[in-house]
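All chains are named by letter (A, B, ...) in the order of the sequence lines, taking the proteins before the strands, and each is independently numbered beginning at 1.
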Protein chains: 2
Amino acid sequence: MPRTSAAVPRPRRITAAQVAELAGTSVATVSLVVNDKTAGRVSTANIERVRAAVDELGYVVDHTASSLARGTSNIVILIAPDLSNPFYGRVISGIKDELGSEFQLLLSITGEGRNPSAADVHRLIALRPAGILVEAPDDAFLRDLPAGAPLVLLDAPGRETQAVTVNFDLAHGINALLDHLAERGHTRIGYLDSRTRTETFELRRILVETGAAARGMEYVSRPEAASLIDPDAAAEAFLEHWPAWRESGVTALVCATDSHAYGVLKAARDLGVRVPEDLAVTGFDNLPASAIVSPALTTVELPGEALGRGAVRALQAQRLSPEPVTAPLLGATLIVRGSTA
Amino acid sequence: MPRTSAAVPRPRRITAAQVAELAGTSVATVSLVVNDKTAGRVSTANIERVRAAVDELGYVVDHTASSLARGTSNIVILIAPDLSNPFYGRVISGIKDELGSEFQLLLSITGEGRNPSAADVHRLIALRPAGILVEAPDDAFLRDLPAGAPLVLLDAPGRETQAVTVNFDLAHGINALLDHLAERGHTRIGYLDSRTRTETFELRRILVETGAAARGMEYVSRPEAASLIDPDAAAEAFLEHWPAWRESGVTALVCATDSHAYGVLKAARDLGVRVPEDLAVTGFDNLPASAIVSPALTTVELPGEALGRGAVRALQAQRLSPEPVTAPLLGATLIVRGSTA
DNA sequence: CTGAAAGCGCTTACAG
DNA sequence: CTGAAAGCGCTTACAG
């Protein structure tokens, strides 16, 4: 939206001065009352007068002026690489829940798995946020991020030393998944990666690779097998790589997300590859549709709401004390359905 | 997140005064340069000096102070009733696209189809937003909404007289859907509604009802058949109402969204109801998973990204001139898949 | 073209 | 307990 000189006049807003006049107090007293800082500083009589005046006039503290005076706003920023993955909807719900109505959530999305540019980040810092949450950051981004607000990383395994981080217990979920595949007799495993190069996907791949080896299964490496988090893109990737996987004897394909797996299911159906008879398919997330696709999808459930809530709690802990907080890992649970059994 | 006195000191930020000093100009000149208002008011030499100083110091205009001085911020607020429907992800993408980097998107979600309370809205207005976008508002909400910023409604048919509104051409999509069902020989049609009581769902139901009658089909009214926008909730609703629908001879069930239809597909499978032989099922949205569920879902595609983009454009038009703008209806296209054929 | 100054609406020491 | 006043960091008439 191009910037324009607003042609529409804004209605006059009620100010603390008007409240003070009606209540017969000073502006300072109004501020103390509306901010609940009256303890031992404002008489009961004045508290009541101010409250009455606030109600009568419908006064609301101007966030802009308040933020300028206090040096910080009530805005919490969530920086996420994408929104096409429905998984983020859950994370956002969790964040909103825990944030309450005191703070506002501002969304910064850049799409296609990219992180915001340095200029974008500067614009965000200029809002004087009360906190910044970053989902799946990359290296360059963390290097450029100017200190300016409490920071919490979400789903960024390996970054625990750089900032407070809230993570899933991926190892637990992936071990359960590989145990399940080994039990089912699979010996060669393929992996369809996400093209967004973030730590969480890096770790998922590595855990599958090392876990497969530990169970005597062969991990058939195919680094080019990757797509955006989108069923259509994943279907295309599968069509391209399936011949090589089949050639290598792959009978189980682990996908980086449920959205990837959806595309694989569709492409497999189009090719006449039977799931799970010819190929077992699994995902991560456990999106609502995973119980309904056909065959239903075996997946490692990642509790997105808990991630959002945990991040806000970590932010709050950081505001209270600057010492780094270690958040417990959030459970990742294997859900077995028809796509592997 | 409970409010706390920040214990972490904020780093000093660069101010316009520091830039002015380094550049050897006044603060006023710095402001003119960084806001691109130099035409005929700042010499080339000073423009360059200021630019150099800005770069050297890494100066960024403080959004808070700027908003206070100008009386309006660069924040655009999106008020949406829910985020569980992946459809909103698309709308948000469209909004971000069209908004560009100049404006920031602030998300206000209240969950479960409710609109924000009057108190919530006041807190939002206190941010002095550059604009407010409201997805699927209800009556009470629009009545309480204080004038305070340009307003645009999304997917709110029938509200065109109350505010600038961007809508889908639901009639077109629904007519195509009913033609398709009539051709397939269906004579009795059921409807699984959304429990969120917003205009768009009201209109979908009415158009199906009147359109069915116009084609000589019977609309089997069952107002209690409604659920939240969630496959599990929809599955439960279907289990409850299917006996009555079957009794009434219903052979086609139109669902208010794809997410509703997913639940129906799952519940039908559990009951042994064959789709489409025993029951044809349709949705609205065309989410990515709709091509992958089994059977694949016939649905009326609603272009969410276009909705988001159109809303931002309408906002911009409103900022330029207060006269109401009529946005063209956005195409709604029937997509036929296995669930009806 | 330039800059001093008022003003945006708060919050917070400070003096009483 | 109370209020006058400084200050937050900008933008914008205004006088030159």
Side-chain angles (χ1 to χ4, degrees), chain A residues 3 5-6 9-21 23-50 54 57 59-74 122-123 125-128 130 148, chain B residues 3 5-6 9-21 23-50 54 57 59-74 122-123 125-128 130 148:
Chain A
R3 189 167 190 162
S5 51
R10 295 301 160 74
R12 270 250 134 312
R13 39 170 49 86
I14 306 296
T15 66
Q18 296 173 51
V19 175
E21 188 177 353
T25 68
S26 69
V27 173
T29 299
V30 172
S31 176
L32 292 173
V33 172
V34 296
N35 288 304
D36 271 330
K37 296 183 176 170
T38 54
R41 316 222 254 145
V42 184
S43 65
T44 335
N46 268 350
I47 294 181
E48 276 170 23
R49 279 203 204 92
V50 169
V54 164
L57 297 175
Y59 171 68
V60 179
V61 179
D62 186 278
H63 179 263
T64 281
S66 167
S67 300
L68 178 58
R70 286 183 307 150
T72 178
S73 75
N74 285 338
H122 279 127
R123 265 187 284 262
I125 296 291
L127 295 167
R128 305 197 178 203
Chain B
R3 189 167 191 159
S5 52
R10 295 301 161 71
R12 270 252 133 310
R13 38 170 51 85
I14 307 297
T15 67
Q18 296 174 53
V19 175
E21 188 177 354
T25 69
S26 70
V27 173
T29 298
V30 172
S31 175
L32 292 174
V33 171
V34 296
N35 288 304
D36 272 330
K37 297 183 176 172
T38 55
R41 316 223 253 145
V42 184
S43 65
T44 334
N46 268 350
I47 294 181
E48 277 170 21
R49 280 201 204 93
V50 170
V54 164
L57 298 174
Y59 171 68
V60 179
V61 179
D62 186 279
H63 179 263
T64 280
S66 167
S67 300
L68 179 58
R70 285 183 308 148
T72 178
S73 76
N74 285 338
H122 278 127
R123 266 187 284 262
I125 296 291
L127 296 166
R128 303 197 181 205

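For DNA chain D, each stem of at least three Watson-Crick or G-U pairs (distances under 3.5 Å) is given as range with range: C:1-3 with D:14-16, C:5-12 with D:5-12, C:14-16 with D:1-3.
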Check: residues 36-43 of chain A side-chain donor-acceptor pairs under 3.5 Å, at least two apart:
unit_1, atom_1, unit_2, atom_2, d
A:Ser43, OG, A:Asn46, N, 3.2

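If you take CZ of A:Arg70 and C1' of D:dA6, they are 18 Å apart, rounded to a whole angstrom. We find that CG of B:Leu68 is positioned 4 Å from C1' of C:dC8, with the value rounded to whole Å. When rounded to the nearest whole Å, the span between CG of A:Asn35 and P of C:dC10 equals 10 Å. Rounded to whole angstrom, the span from the CZ atom of A:Arg49 across to the P atom of D:dC1 amounts to 14 Å. The distance from atom CD of A:Glu21 to atom C1' of C:dG9 is 16 Å, rounded to the nearest whole Å. The CZ atom of A:Arg128 sits 14 Å away from the P atom of C:dT11 (whole-angstrom rounding). A:Leu32 has its CG atom 14 Å from the P atom of D:dA4, to the nearest Å. D:dG7 atom P lies 18 Å from atom CG of B:Asp62, rounded to whole Å.
Nucleic acid contact class of A:Val61 (heavy atoms, under 4.0 Å, all strands): sugar-phosphate only. Looking at heavy-atom distances under 4.0 Å, A:Ala16 makes contact with sugar-phosphate atoms alone, never a base.
Of the residues in residues 37-47 of chain A, those with a non-hydrogen atom less than 4.0 angstrom from any atom of DNA chain D are A:Gly40, A:Arg41, A:Val42, A:Ser43, A:Asn46.
Side-chain contact between A:Val34 and A:Val54: present, with at least one pair of heavy atoms (C-beta onward) separated by less than 4.5 Å.
Atom CZ of B:Arg70 sits about 6.5 Å away from atom NE2 of B:His63, to the nearest 0.5 Å.
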